[in-house]
Amino acid sequence: MARLIFHVDVNNAFLSWESMYRTAVLGEALDLRTVPSIVGGDRESRHGIVLAKSTPAKAYGIHTAEPIQSALNKCPNLIVVPPRFELYHTCSENFVKILNDFTPDIEKVSIDEAFLDMTDTCHLFGSPMEAAEKLKTRIRDELLFTVNIGISINKLLAKMASDFEKPDRIHSLFPNEIQKKMWPLPVCDLYFVGRSAQKKMDLLGIRTIGNLARYDTDLLVSHFGEKYGKLIHEYANGIADDNVTIDNKKNKGYGNSITLSEDVTSTDAACQVLLSLSETVGMRLRQDQVKCNSITVETKDSDFNTQTHQMTLSESTDITNVIYKNSCSLLNEFWHGFPPLRLLGIRTTKISDENFDQLSLFSSEDEEQKKKQESLDVCLDKIRNRYGSDSVTRASILKK
DNA sequence: TGTTGAATCCCAC
DNA sequence: CTAACGGTGGGATTCAACA
């Protein structure tokens, strides 16, 4: 049975929310949306990239995720404002609340976009266009920011449609419109065609989505592999068999990484960072009542070369100290102070939600030790939840 | 022959 | 003239080890 799918995308999300807040709440006269402006990370601590741009900034060729310095070179009078993540989360929650009035069948893709399966509820609001119009208007009137809405029969086409002309617009992309509306677009506009695939396709003379759609499937498979070759060919033809899945998906991994304000050149300093990362990752595992059975340590050196090393654990864990100790030994396997490290990260995978304790093959002494560390984590979690994450700090971090 | 683990690469936002 | 360069999560591919 044919479905009706909406993709709703907040226009320039962080920047819209920021300027909405500044004008409506702080009473600032300037609307950042009307001038070349960006929300950007802190350059002092080396987090200086573009998080969101205004439409006038985009006209200067400024892209999301590019270095702020590079953006400033393109537009010297660019206005740069710091992010307010708590605000954005609130905006996102309000956004989803309104979506919920149109269908319960919502898949939130990220902080600023969602798929809606409107198949069963659209009739309550009129035609698909009328329903989208009502949704868009409610968000604009009540929340003071604009969205684009894409309408089609599957997620891929709906998403492609929402990316058409912006802002504050509704577009449909039904199968009979693919040739006219989607095929003329550059191939890199197609979902899942990133930098690498685009480069390869350029060499093959594939410039538009239409070129790709009509390209020989077997030839694509030979260049891009069985899986990806077929997928991308189907996408170019608007074929995607995907359901809107209501978000109860569980994480397959939990990770944290940080670019340090200064390169690290000693194992002591590096392990201190790993401890802090172990704390946050461990806390998230315990919060979700899951354990991990594999740990990966990631490094990025001063030349931006990244490396990862991983290990499987003998026993699943959610204990901060176990994650910490193993992370340190992983790092010590391949790094001894050189080259200087710009970034450190920990990622835990092989997640299980077993609520039972696996029988230990080890001594009761080890069991005792484990129980102690578990209750230490429980205790620290409680204190931090009640009094804030800064209320307790490891002595080893204070020493610095 | 097929599976697993580790390292790397790719993609999205 | 060159540098400026985030964080999180999902997945595929490649290779070696192993069953």
Side-chain angles (χ1 to χ4, degrees), chain A residues 7 9-10 12-14 38-53 62-74 76 78 80 82-83 85 88 92 107-115 155-156 159-160 162-163 188-201 221 224-232 235 245 247 249-261 263 277 280-281 284 288 292-314 330 333-334 342-351:
Chain A
H7 181 253
D9 199 332
V10 179
N12 314 129
F14 287 4
I38 61 166
V39 176
D42 178 31
R43 281 193 287 168
E44 176 100 30
S45 58
R46 307 201 294 188
H47 293 229
I49 60 149
V50 176
L51 298 168
K53 60 197 178 295
I62 293 168
H63 303 290
T64 300
E66 88 174 292
I68 292 176
Q69 186 55 245
S70 157
L72 282 167
N73 293 344
K74 292 173 181 172
L78 185 71
V80 183
F85 290 110
Y88 310 153
S92 181
E107 180 178 339
K108 200 178 177 214
V109 188
S110 71
I111 194 166
D112 68 344
E113 48 176 293
F115 289 104
K155 288 202 287 186
L156 172 76
K159 176 151 180 72
M160 293 300 296
S162 71
D163 218 29
C188 61
D189 282 6
L190 185 64
Y191 186 72
F192 243 65
V193 176
R195 224 181 46 192
S196 169
Q198 188 202 351
K199 205 174 144 192
K200 278 166 92 175
M201 287 181 193
V221 166
F224 294 95
E226 180 83 13
K227 196 132 186 169
Y228 185 70
K230 280 184 176 159
L231 180 84
I232 215 68
Y235 275 13
T245 56
D247 310 304
K249 299 171 277 185
K250 293 196 168 130
N251 263 18
K252 306 221 166 166
Y254 294 75
N256 283 127
S257 63
I258 181 131
T259 294
L260 305 155
S261 48
D263 287 354
L277 292 168
T280 53
V281 170
R284 290 170 61 202
D288 283 8
C292 69
N293 198 39
S294 177
I295 298 177
T296 306
V297 166
E298 179 193 6
T299 61
K300 173 152 55 181
D301 68 24
S302 37
D303 291 328
F304 284 78
N305 302 306
T306 63
Q307 260 185 299
T308 63
H309 281 249
Q310 80 181 73
M311 68 186 294
T312 300
L313 303 176
S314 55
L330 272 168
E333 282 175 16
F334 68 101
R342 177 188 182 85
L343 170 144
L344 278 164
I346 293 178
R347 180 167 173 80
T348 57
T349 51
K350 293 192 186 163
I351 304 300

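Quick note on labels: first sequence line is chain A, next is B, and so on, each numbered from 1.
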Within the structure, does a side-chain N or O atom of A:R46 lie under 4.0 Å from either OP1 or OP2 of C:dA4? no
Side-chain N,O (A:K199) to OP1/OP2 (B:dC11) below 4.0 Å: no
Does a side-chain N or O from A:K350 land closer than 4.0 Å to OP1 or OP2 of B:dG5, or not? yes
So, is A:T308 close to the B:dA7 phosphate, meaning a side-chain N or O under 4.0 Å from OP1 or OP2? no
Proximity to the side chain of A:Q310 - top-ranked nucleotide from C:dG9, B:dA12, B:dA6: B:dA6
Within less than 4.0 Å of OP1 or OP2 of C:dT8, is there a side-chain N or O belonging to A:N256? yes
Decide if atom NZ of A:K227 counts as having more than 12 heavy atoms of other residues, nucleotides or ligands within a radius under 6.0 Å. no
Please determine if a side-chain N or O atom of A:Q69 lies less than 4.0 Å away from the OP1 or OP2 oxygen of C:dA3. no
For the pair made of CD in A:E226 and P in C:dT13, what is the distance, rounded to whole Å? 9 Å
Just by distance, no angles: are the side chains of A:T308 and A:E298 close enough, under 3.5 Å, to form a donor-acceptor pair? no
Choose from C:dG9, B:dC11, C:dG6 the nucleotide whose nearest atom is closest to any side-chain atom of A:I49. C:dG6
Of the listed B:dG5, C:dG7, B:dC10, the closest approach to the A:T312 side chain comes from B:dG5
Closer to the 5' end of DNA chain C via nearest nucleotide, is it A:A65 or A:K227? A:A65
Is the phosphate of C:dG7 approached by A:T259 (side-chain N or O, under 4.0 Å from OP1 or OP2)? yes
Look at A:K252 and C:dG11 and indicate whether a side-chain polar atom (N or O) is within less than 4.0 Å of OP1 or OP2. yes
A:H309 NE2 to B:dA6 C1', straight-line distance once rounded to whole Å: 9 Å
Are OP1 or OP2 of C:dG6 and a side-chain N or O of A:K300 less than 4.0 angstrom apart? yes
Using the P atom on both, measure B:dC13 against C:dC5 and round to a whole Å. 24 Å
If we ignore angles and hydrogens, is there a donor and acceptor under 3.5 Å between the side chains of A:T64 and A:K53? yes
Is A:S257 near enough to C:dT8 that one of its side-chain N or O atoms lies under 4.0 angstrom from OP1 or OP2? yes
When A:R342 and A:G225 are each assigned the nearest nucleotide of DNA chain C, the 5'-most assignment goes to A:R342
